[in-house]
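Written below as structure tokens is the structure these notes are about.
We're numbering straight along the sequence, starting at 1.
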Amino acid sequence: MGFCPSCPWGAIIPSDPVKTTLLASTHWLMEEDGDGRVVWLARQPEPFASIAELTSANAAVLRSIASRHRSAGIVVDMRQASARNDAAFEKAMHGMRAQITSSFARTAVLVGTQAGLLQVSRLTRQDGATSFATTSEAEALHFARGEWTEPSRG
């Protein structure tokens, strides 16, 4: 494990000697591991000032997804995101969630709290999507890499 040098909050990320930065913005850091098996999308702590800003930032993420990612997994690290569940925000995020889950073979969502787990589970059910929510970085990475498909609970 190591620290993300371009993340102001010093998020711990899996060590990989060769990472490619796909996107670095005020709101998102998107990196691909050296073997192309996992994309790491980390939400930075800067809150969105408006729904328009959210939509623009998310569009930049979606433009960074390549066809080669169809066989890869993604870890969406939301631990630094501000808690938010208002209707306008959730509606604006729906398109990004749908595009991510359809663009990657496996989607793991990494959250920092039990409330975050509940929110991700609710949204996944509402979207009819399949993704794995966890508070464990190791579990998220193993799932995204396809190293196991039914993580343990407990």
Side-chain angles (χ1 to χ4, degrees), residues 1-16 19-33 37-66 69 72-146 151-153:
M1 298 292 159
F3 285 96
C4 171
S6 52
C7 298
W9 65 91
I12 297 174
I13 58 172
S15 295
D16 191 331
K19 280 195 184 228
T20 303
T21 299
L22 303 174
L23 174 71
S25 72
T26 304
H27 300 288
W28 295 104
L29 174 67
M30 187 175 191
E31 296 179 309
E32 183 175 30
D33 69 2
R37 289 177 55 202
V38 173
V39 170
W40 195 274
L41 178 62
R43 176 69 172 85
Q44 297 194 20
E46 181 70 26
F48 291 106
S50 66
I51 296 298
E53 183 179 50
L54 167 82
T55 303
S56 176
N58 289 356
V61 169
L62 297 178
R63 285 191 303 271
S64 300
I65 298 172
H69 294 138
I74 186 169
V75 174
V76 181
D77 184 349
M78 299 298 290
R79 292 177 293 182
Q80 297 299 315
S82 301
R84 191 165 171 184
N85 65 353
D86 56 277
F89 176 81
E90 287 191 359
K91 183 178 179 184
M93 287 297 295
H94 173 77
M96 182 168 164
R97 289 192 314 269
Q99 188 67 40
I100 284 176
T101 57
S102 68
S103 296
F104 290 88
R106 294 162 304 283
T107 302
V109 182
L110 182 58
V111 296
T113 65
Q114 292 299 314
L117 284 175
L118 291 172
Q119 183 176 11
V120 171
S121 296
R122 176 179 57 81
L123 293 170
T124 298
R125 278 192 313 275
Q126 285 177 357
D127 293 347
T130 54
S131 60
F132 168 60
T134 183
T135 58
S136 166
E137 187 171 322
E139 284 187 357
L141 185 59
H142 284 295
F143 183 82
R145 285 191 173 277
S152 63
R153 287 284 175 221

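Contact between R79 and G112 at its shortest, heavy atoms only, is CG-N, 3.6 Å. The two residues V111 and G116 have their closest heavy-atom pair at CG2-C, 3.8 Å. Closest approach of L29 and A24 over heavy atoms only: CD1-CB, 4.0 Å. In plain terms, the two heavy atoms of F143 and A108 that are nearest each other are CD2-CB, 4.0 Å. The shortest non-hydrogen separation linking P47 to H27 is O-CE1, 3.3 Å. Contact detail for L54 and A92: the closest heavy-atom pair is CD2-CB, 3.1 Å.
One N or O on the side chain of H69 and one on the backbone of A66 form a donor-acceptor pair closer than 3.5 Å. At least one donor-acceptor pair closer than 3.5 Å links the side chain of Q44 to the backbone N or O of S25. The backbone N or O of R145 lies less than 3.5 Å from a partner atom in the side chain of R37, making a donor-acceptor pair.
Taken to the nearest 0.5 Å, the CG atom of N58 stands 9.5 Å off from the CD1 atom of I51. Atom CD1 of residue I65 and atom CD1 of residue I100 lie 5.0 Å apart, to the nearest 0.5 angstrom. Atom OG1 of T101 is separated from atom CD1 of I74 by 10.0 Å, given to the nearest 0.5 angstrom. For the atom pair L110 CG and Q80 CD, the distance stands at 10.0 Å (nearest 0.5 Å). The structure places CE of M78 at 8.0 Å from CG of L41, a figure rounded to the nearest 0.5 Å. Taking CD of E32 as the reference point, atom NZ of K19 lies at 10.5 Å (rounded to 0.5 Å).
Looking at L141 and W40, their side chains come closer than 4.5 Å, going by heavy atoms from C-beta outward.
Here the rule is side chain to side chain contact (heavy atoms under 4.5 Å, CB included) with M93, and of K91, R97, E90 only R97 fits it.
By the 30° and 60° cut-offs, the orientation of the rings of F48 relative to W28 is tilted.
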### Task
For T26 and E46, run side-chain hydrogen bond (donor to acceptor under 3.5 Å, both in side chains): C-alpha distance rounded to whole Å, both residues' side-chain angles, the deciding distance at 0.1 Å, then the answer.
CA-CA 7 Å; T26 304; E46 181 70 26; over 6 Å; no

